[in-house]
Engineer: 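I have a structure I would like to understand better, so I am pasting it below and will then ask my questions one at a time.
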Number of protein chains: 2
Amino acid sequence: MDFSSKLLEQAVDEVSQLPGIGKRTALRLVLHLLKQPESQTVQLSEALLNLRKNIKLCENCFNISDTQLCEICANTSRNSEIVCVVEDIRDVMAIENTNQYRGLYHVLGGKISPMDGIGPSQLTIKPLIDKVQAGKVEELIFALSSTLEGDTTNFYIFKQIERLEVKTSTIARGISVGDELEYADEITLGRSITNRIPFENSLKN
Amino acid sequence: MDFSSKLLEQAVDEVSQLPGIGKRTALRLVLHLLKQPESQTVQLSEALLNLRKNIKLCENCFNISDTQLCEICANTSRNSEIVCVVEDIRDVMAIENTNQYRGLYHVLGGKISPMDGIGPSQLTIKPLIDKVQAGKVEELIFALSSTLEGDTTNFYIFKQIERLEVKTSTIARGISVGDELEYADEITLGRSITNRIPFENSLKN
């Protein structure tokens, strides 16, 4: 693309570095900002800078938080002996939305992925193991996405804690509620048959 | 969406005000920035602020430019008596990419659209009429998109200059090069038959 303005080119270049945003989309977004009042651009820039500079992670679960201890960890009515291991804050938000879980979380900050150069040391695995070793955890629920990277990460953590006294579980995989059986993939359908549950249990929620 | 951090919520709110970006996408973009070095966020914010604060419009054609007169208007080898009327800088870039046009442009900055509250006074129509009245323009080429708004804008300008000595033309509508006739819509196909051109002309480029 040939720009008539260096300022415009720089802005488009920066915006197009965001994931899933190409040059054309970036140009559209930037031109939109130019048509809006200057205050919108100022607010956008300041919000991003503010977040990046002042972001904190909860010192217990490593979720994004404005305070030292996040709201969930600070909530004494929650069961601190059950810990759900998730990848990032989006998973915490998704599980919280279900209103089915009253334990705490542990946010890994990613999954082990040699292809992307992410090893165990870049994630918060060490503090998790420490937590388990300190005997503070009764059950660990693995809730990473079931991809190669997710399974690797689960297994890596499992290997380090299997001799400790802690129960481990993983969220159930199966056919989504409302889905037609004929369109489900074989692996999911197979697992949902192998891991079938007593019918009475399915009536609970 | 329920955020555990006000800073995160503000950033997501601001990003999701961009067109075509919802809350989920905004969260994905913001989390991506958090994983990158701080410098990337700083550069992005500065590029946007810089552009918004220092942006200039070419005083002749109103295209986005870093200088008083844009490169195209300042180029003396171009024919300043032919003016192509376009909506915004993206159209200028698209036409420039064809390498088929050696005249100048006039960037309206939008189309007349009462639904969006955009009237003729918000666009650069007055300076265009002035240019034509001053006798500086020999031919005016309308190159707005052929929507209701585009056609309205064309007609509005045409009505104001029809008694002046200026040739007006509009870009050809027809079947795209490489397209199958059977899939073309009737209006486009109809126009391309009505406005057929001598076969020799089609051999030129």
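These numbers come from the heavy atoms of this one structure, side chains and all, not from hydrogens, waters or symmetry mates. Sequence lines set the chain letters: A, B, ... in the order given, protein chains first and strands last, and positions in each chain run from 1. Predicted model only: the values in this text are computed from it and were never measured.
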Engineer: Please identify, among A:N97, A:T67, A:L49, the residue contributing the most non-hydrogen atom pairs under 4.5 Å to chain B.
Structural biologist: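 Ranked by contacts with chain B, first place is A:L49.
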Engineer: Using modelled atom types only, decide if a donor and an acceptor are shared between the side chain of A:D66 and the backbone of B:S5 within a distance under 3.5 Å.
Structural biologist: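 Flag not set: sc A:D66 to bb B:S5 has no pair under 3.5 Å.
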Engineer: Identify which of A:K6, A:K56, A:E38, A:E71 forms the greatest number of heavy-atom pairs closer than 4.5 Å to chain B.
Structural biologist: A:E38
Engineer: With a 4.5 angstrom heavy-atom cut-off, is it the side chain or the backbone of B:D88 that approaches chain A, or both, or neither?
Structural biologist: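 For B:D88, the contact with chain A is made by the side chain alone.
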Engineer: Can you confirm whether A:I197 is buried at CD1, in the sense that more than 12 heavy atoms of other residues, nucleotides or ligands lie under 6.0 Å from that atom?
Structural biologist: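 Result for CD1/A:I197: enclosed.
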Engineer: Any side-chain to backbone donor/acceptor pair from A:R90 onto B:R28? Under 3.5 Å, distance only.
Structural biologist: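 Not confirmed, A:R90 side chain does not pair with B:R28 backbone.
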Engineer: With a 4.5 angstrom heavy-atom cut-off, could you sort out which part of B:L27 is near chain A: side chain, backbone, both or neither?
Structural biologist: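 Interface part for B:L27: side chain.
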Engineer: Count the heavy atoms belonging to other residues, nucleotides or ligands that lie under 6.0 Å from CZ of B:R191, then report whether that count exceeds 12.
Structural biologist: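 Counting other residues, nucleotides and ligands, CZ of B:R191 stays at 12 neighbours or fewer.
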Engineer: Measure B:N63 against the heavy atoms of chain A and call it side chain, backbone, both or neither at under 4.5 Å.
Structural biologist: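 Only the side chain of B:N63 comes within 4.5 Å of chain A.
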Engineer: Looking at CG of A:L8 and OG of B:S65, how far apart are the two atoms once the value is rounded to the nearest 0.5 Å?
Structural biologist: 10.5 Å
Engineer: Mind ranking A:Q10, A:E96, A:Q40 by heavy-atom pairs under 4.5 Å with chain B and telling me who comes out on top?
Structural biologist: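 Highest number of pairs under 4.5 Å: A:Q40.
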Engineer: Please indicate whether B:E162 has more than 12 foreign heavy atoms, meaning atoms of other residues, nucleotides or ligands, lying under 6.0 Å from its CD.
Structural biologist: yes
Engineer: Mark yes when over 12 heavy atoms from residues, nucleotides or ligands other than B:K167 sit less than 6.0 Å from its NZ; otherwise mark no.
Structural biologist: no
Engineer: Should we count CZ of A:R173 as having more than 12 external heavy atoms under 6.0 Å?
Structural biologist: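 Yes - once you tally the heavy atoms of other residues, nucleotides and ligands closer than 6.0 Å, there are more than 12.
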Engineer: Could you tell me which of A:P19, A:A11, A:S4 has the largest number of non-hydrogen atom pairs under 4.5 Å with chain B?
Structural biologist: A:P19
Engineer: Do other residues, nucleotides or ligands put more than 12 heavy atoms under 6.0 Å from the CZ atom of A:R102?
Structural biologist: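 Counting other residues, nucleotides and ligands, CZ of A:R102 exceeds 12 neighbours.
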Engineer: Let's test your reading of the structure: which of B:I55, B:I72, B:L33, B:T25 forms the most heavy-atom pairs below 4.5 Å with chain A?
Structural biologist: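 Greatest number of close heavy-atom pairs with chain A: B:L33.
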Engineer: If I compare all heavy atoms of B:T41 with all of A:L48, which pair ends up nearest, and what's the gap?
Structural biologist: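 So the two residues come closest at CG2-O, 3.7 Å.
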Engineer: Is B:L31 in contact with chain A via its backbone, its side chain, both, or neither, using a 4.5 Å heavy-atom distance?
Structural biologist: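 B:L31 touches chain A through side-chain heavy atoms alone.
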Engineer: If I measure from the heavy atoms of chain A, does B:E46 come under 4.5 Å with its side chain, its backbone, both, or neither?
Structural biologist: neither
Engineer: With a 4.5 Å cut-off on heavy-atom pairs, point out which of A:N50, A:L34, A:I64 contacts chain B the most.
Structural biologist: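 Of A:N50, A:L34, A:I64, A:L34 has the most heavy-atom pairs under 4.5 Å with chain B.
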Engineer: Looking at CD of A:Q43 and CD of B:Q17, how far apart are the two atoms once the value is rounded to the nearest 0.5 Å?
Structural biologist: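 Reported value, rounded in 0.5 Å steps: 7.5 Å.
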